[in-house]
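See below for the structure under consideration.
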Amino acid sequence: MCIKSRYKAVKQTIIANINQYDIGHTVDLLAVSKKQSVAKIIQLYNLGHRKFAESYVQEAIAKIESLATLAIEWHFIGPIQSNKTKYIAQYFSWVQSVDSLKLLTRLNNQRAASGQKLNVLLQLKVGDEASKRGLSAEDLLLLTGKHQQFQHLNIRGLMSIPAPTTDTDKQMRQFSMCRDIFKRMQKIIPVDTLSMGMSNDLEAAIASGTTMVRVGTDLFGSRDHVQC
Ligand SMILES: *Cc1c(COP(=O)(O)O)cnc(C)c1O
């Protein structure tokens, strides 16, 4: 299958699930282009898609520079080393994987040079055996409360990467926990973005009220293969 039909299928799945679960809002589709070629990004762009995400700073910069003439909204979603924050502040419109006060502080200072605020999602740690990345619910809410310290950032919500599982009930439990924390966040500041759901757990994420799904494999094909 090539990108045009994959794109159509993913969009149809999103709409079908929005209808099935009677979700009263739209769901944004973020195309995760990490380890995918520039040619594939251009193909999707030419089909009208504008929101793309990368996970590795070096790879991302090369792609962003070579696609600089296109009106792409770039999201950073990978693990962040503090010595890379200046590049994230310089090249991206959004960063979804922020999980410490130190990173918020660095990004805020390094974004000052730009006329536009950097959109930020705080990454919530989910599930016991999940990665070490992400904030506890308590710390996430604590950092949200400090939003006034970050005048060059716009804290938009939370992002989560639950432990991969094919057990739909477990997917739903993890996502509904994320939604609950998101709702608590909304009592502190008017955040609008709940980023959860990938190729393998899209349906559970939409059923649980996600506002943004991050899809790589289902849009571009496997990252192990160079060709579509
Ligand atoms: C790679 C990645 C995705 C996309 O995963 P697929 O299974 O290919 O859809 C989504 N979110 C994050 C944070 C990722 O690193």
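All values reported here derive from a predicted model rather than from experimental measurement. All values below come from the heavy atoms of this structure, side chains included, with hydrogens, waters and symmetry mates left out. Ligands are counted one by one from 1 in listed order, and the atoms in each one are counted from 1 as well.
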Give me the nearest non-hydrogen protein atom to [atom] as residue plus atom name, then the distance to 0.1 Å.
atom	answer
atom 12 (C) of ligand 1	I77 CD1, 3.5 Å
atom 13 (C) of ligand 1	I161 CD1, 3.4 Å
atom 9 (O) of ligand 1	S199 OG, 2.5 Å

For ligand 1, is any non-hydrogen atom under 4.0 Å from N200's backbone (N, CA, C, O), its side chain (CB onward), both, or neither?
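No part of N200 is near ligand 1 at this cut-off.
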Which is closest to atom 2 (C) of ligand 1 in terms of heavy atoms, M159, R214, K34, M198?
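Shortest heavy-atom distance from atom 2 (C) of ligand 1: K34.
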Closer than 4.0 Å to some heavy atom of [X] - which atoms of ligand 1 meet that?
X	value
V215	9 (O)
T217	6 (P), 7 (O), 8 (O), 9 (O)
G216	4 (C), 6 (P), 8 (O), 9 (O)
S55	15 (O)

Does some non-hydrogen atom of Q96 fall short of 4.0 Å from ligand 1?
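Judged by the 4.0 Å heavy-atom criterion, Q96 does not count as contacting ligand 1.
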May I ask you to decide if F220's main-chain N or O and K40's side chain share a donor-acceptor pair within less than 3.5 Å?
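At least one qualifying donor-acceptor pair exists.
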Polar side-chain atom of N17 near backbone of E203 as donor-acceptor pair, under 3.5 Å:
no
Working to the nearest 0.5 angstrom, can you tell me the gap between L124 CG and Q174 CD?
10.5 Å
From E54, K51, Q96, residue fulfilling side-chain hydrogen bond (donor to acceptor under 3.5 Å, both in side chains) relative to H75
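Going through E54, K51, Q96 one by one, the side-chain hydrogen bond (donor to acceptor under 3.5 Å, both in side chains) with H75 is satisfied by Q96 alone.
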Between Q110 and Y87, is any side-chain donor less than 3.5 angstrom from a side-chain acceptor?
no
Is it true that, when you exclude R184 itself, more than 12 heavy atoms of the residues, nucleotides or ligands shown sit nearer than 6.0 Å to its CZ?
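12 or below, so no.
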